[in-house]
There are 2 protein chains.
Amino acid sequence: MGTKKVDTEIRREQIALAALSLVEKQGLQAVTVTRVARLVGLVPSALYRHFKGKDQIIDAVLDLIEEQMITNLAEIDNPADDPVAVLRNLLMRQVQMVLQYQAIPHFLFSEEVFNGRPKRKKKFFNLISTFLNGVASIIRRGQEQGNIRQDRDAKSLATLFIGLFHPAFFLWHLSDGQFDLTRQINLTWESFVDAVVRCDRSEIQTLGWKETHRD
Amino acid sequence: MGTKKVDTEIRREQIALAALSLVEKQGLQAVTVTRVARLVGLVPSALYRHFKGKDQIIDAVLDLIEEQMITNLAEIDNPADDPVAVLRNLLMRQVQMVLQYQAIPHFLFSEEVFNGRPKRKKKFFNLISTFLNGVASIIRRGQEQGNIRQDRDAKSLATLFIGLFHPAFFLWHLSDGQFDLTRQINLTWESFVDAVVRCDRSEIQTLGWKETHRD
DNA sequence: ATCCAATGTGAAACAACATTCACATTATAG
DNA sequence: CTATAATGTGAATGTTGTTTCACATTGGAT
């Protein structure tokens with residue numbers, strides 16, 4: 001049948017987006033060459049004009065996600081703002097991003113994407129590391145400004161920050177949306193602030209607390 | 001070839017364990033009827049004497065994991081102990097468990113296990129919920145005893161607790177063991193204590209802090 | 001208008017799997 | 001010892017999915 005010819009660059013994007021939407025609605029196993037092709041309005045073999053194989057389609061989807069995450073981080077990290085507010089903002093962005101692209105937790109919690117593909121796995125690990133470093137540098141700025149306690153390693157606080165949404169996403173994912181994502185995140189955020197911001201802002205101004213709070 | 005006959009109950013366990021070890025070493029996609037059978041020393045079709053199909057083999061593996069998690073929780077929750085110490089203990093157990101059964105994060109971060117299998121997904125969600133409730137009840141005890149601050153919801157503190165190891169497991173999983181799991185967990189644990197235990201034990205004894213620490 | 005490269009098609013190859021089934025072997029109860 | 005139920009085997013079947021390839025069509029450059 002006479003399907004209009006479309007430039008390969010556009011087709012590549014269409015294909016990646018189609019794959020992404022399949023992941024969103026039906027999970028990763030739903031991504032078959034046949035289904036993606038049908039969604040784009042092509043015949044399976046046509047995809048091979050634009051991608052060498054299915055693997056590269058998956059890679060393209062990962063690239064889409066990577067782009068999103070990097071953008072999120074970059075747009076938000078304004079050195080002028082209060083670092084704690086920046087973190088709060090970032091947290092909300094992450095939630096929003098996941099609600100918009102439900103495919104992301106599918107990928108995050110999938111393993112077939114990475115297994116037996118060390119290169120891809122490494123690339124994704126690097127992405128996460130970048131994100132983690134970004135968060136850590138925001139925290140470090142907070143520590144320098146005295147908004148965030150200084151007796152804790154910035155990087156491990158960053159890991160704690162990830163812990164705010166990671167399990168929440170997981171539970172949300174597992175419960176098919178039953179779990180109240182926004183509410184939970186708001187609650188755990190408060191606890192994060194408890195842990196990270198100085199105990200009493202009015203009393204102690206510049207000092208961290210060293211070991212006074214522990215026995 | 002004359003393979004010795006073995007009672008179905010024992011075979012079932014052998015098969016489940018074989019599947020588990022496959023998941024550990026090569027991930028979920030490595031679990032094929034053929035491979036499991038070879039590992040047990042049987043022919044693929046033989047498995048059907050003991051399981052109705054592949055799905056039930058996966059279910060059996062999930063049961064193994066479930067058993068471990070429940071046991072972990074039950075063995076540790078001794079009402080006589082300091083709740084904070086119990087949590088610390090539980091955290092370490094979780095780490096130990098994951099180090100021993102690497103299959104667990106494979107399952108936790110997998111989706112093909114659950115997708116299109118609402119029943120299994122629900123069952124697993126219930127397992128996690130049970131775990132979460134167990135943690136929450138430990139926390140609640142701590143709040144009653146005054147070891148844990150009372151101005152936070154026990155359940156959301158439990159979610160925060162999960163956040164201590166969940167992202168760490170993920171990073172560890174993704175980095176193929178590069179990520180220093182134990183170290184990270186120890187660090188985030190300290191922050192968790194910061195967030196959850198009263199600010200200064202010597203000063204405030206029975207009271208939680210209400211809203212004094214925030215603006 | 002013609003030609004050529006890019007894009008699209010349909011059929012077929014093929015590989016990996018799960019599952020079934022008729023038949024073989026083993027263990028054991030009687 | 002023998003009958004019988006449980007367990008094991010090998011071949012076959014059907015399905016699903018990826019990929020290849022020869023051929024067709026399209027659109028634009030000349």
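Throughout, protein chains are lettered first and strands after them, A, B, ... in sequence-line order, and every chain is numbered starting at 1. The shown structure was predicted, so the numbers you read here are calculated from the model rather than taken from an experiment.
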Tell me the salt bridge (charged side-chain N to carboxylate O under 4.0 Å, His left out) pairs involving residues 132-143 of chain A, sequence neighbours left out?
A/Asp77-A/Arg141
Please identify each residue that fulfils side chain to side chain contact (heavy atoms under 4.5 Å, CB included) with A/Ala158, with sequence neighbours left out.
A/Leu132, A/Val135, A/Ala136, A/Ile139
Below 4.0 angstrom, which residues in residues 12-28 of chain A have at least one non-hydrogen atom near DNA chain C?
none
Would you be so kind as to tabulate the donor-acceptor pairs closer than 3.5 Å made by side chains of residues 40-57 of chain B, with sequence neighbours excluded?
unit_1: B/His50; atom_1: ND1; unit_2: B/Thr8; atom_2: OG1; d: 2.6
unit_1: B/Lys54; atom_1: NZ; unit_2: B/Val31; atom_2: O; d: 3.0
unit_1: B/Asp55; atom_1: OD1; unit_2: B/Arg117; atom_2: NH1; d: 2.5
unit_1: B/Asp55; atom_1: OD2; unit_2: B/Arg117; atom_2: NH1; d: 2.8

note: A/Arg49, atom CZ; D/dA24, atom P; distance rounded to Å ~ 14 Å
Does anything in residues 32-47 of chain A pair up under salt bridge (charged side-chain N to carboxylate O under 4.0 Å, His left out), and if so which pairs, sequence neighbours excluded?
none
For B/Thr159, side-chain hydrogen bond (donor to acceptor under 3.5 Å, both in side chains) partners two or more places apart:
A/Gln184
Between P of D/dG8 and CZ of B/Phe51, the distance in whole Å:
12 Å
By side-chain hydrogen bond (donor to acceptor under 3.5 Å, both in side chains), which residues pair with A/Lys122, not counting sequence neighbours?
none
B/His50 NE2 to D/dA5 P, straight-line distance once rounded to whole Å:
18 Å
Distance flag, aromatic centroids of B/Trp172 and B/Phe169, threshold under 6.0 Å
no
Report the residues that fulfil side-chain hydrogen bond (donor to acceptor under 3.5 Å, both in side chains) with B/Asp59, sequence neighbours left out, ordered by chain and then residue number.
B/Arg120
How does DNA chain D look in dot-bracket form if you count Watson-Crick and G-U pairs under 3.5 Å, write [ ] for pairs that cross, and put | where a base pairs with another strand?
||||||||||||||||||||||||||||||
Once you round it to whole Å, what is the distance between C1' of D/dG8 and NZ of B/Lys4?
13 Å
A/Arg38 atom CZ is separated from C/dG8 atom P, nearest whole Å, by 18 Å
Find the distance A/Ile58:CD1 to D/dT19:P and express it as a whole number of Å.
11 Å
Check nucleotides 16-20 of chain C against the protein and report each pair of N or O atoms closer than 3.5 Å, with its distance, or say if there are none.
unit_1: C/dC17; atom_1: OP1; unit_2: B/Arg35; atom_2: NH2; d: 3.3
unit_1: C/dA18; atom_1: OP1; unit_2: B/Lys54; atom_2: NZ; d: 2.9
unit_1: C/dA18; atom_1: OP2; unit_2: B/Val33; atom_2: N; d: 2.7
unit_1: C/dT19; atom_1: OP2; unit_2: B/Tyr48; atom_2: OH; d: 2.8
unit_1: C/dT19; atom_1: OP2; unit_2: B/Lys54; atom_2: N; d: 2.9
unit_1: C/dT19; atom_1: O5'; unit_2: B/Tyr48; atom_2: OH; d: 3.4

With salt bridge (charged side-chain N to carboxylate O under 4.0 Å, His left out) as the rule and sequence neighbours excluded, what pairs involving residues 172-183 of chain B come up?
A/Lys121-B/Asp176
Round to the nearest Å and state the distance from A/Leu42 atom CG to C/dG8 atom P.
5 Å
All side-chain hydrogen bond (donor to acceptor under 3.5 Å, both in side chains) counterparts of B/Gln14, not counting sequence neighbours:
B/Arg11
Name the closest nucleotide to the B/Thr3 side chain, picking from D/dT9, D/dT7, C/dA27.
D/dT9
Just wondering, do A/His166 and A/Phe161 contact through their side chains at under 4.5 Å, heavy atoms?
no
Rounded to whole angstroms, how far apart are CG on A/Asp7 and C1' on D/dG28?
12 Å
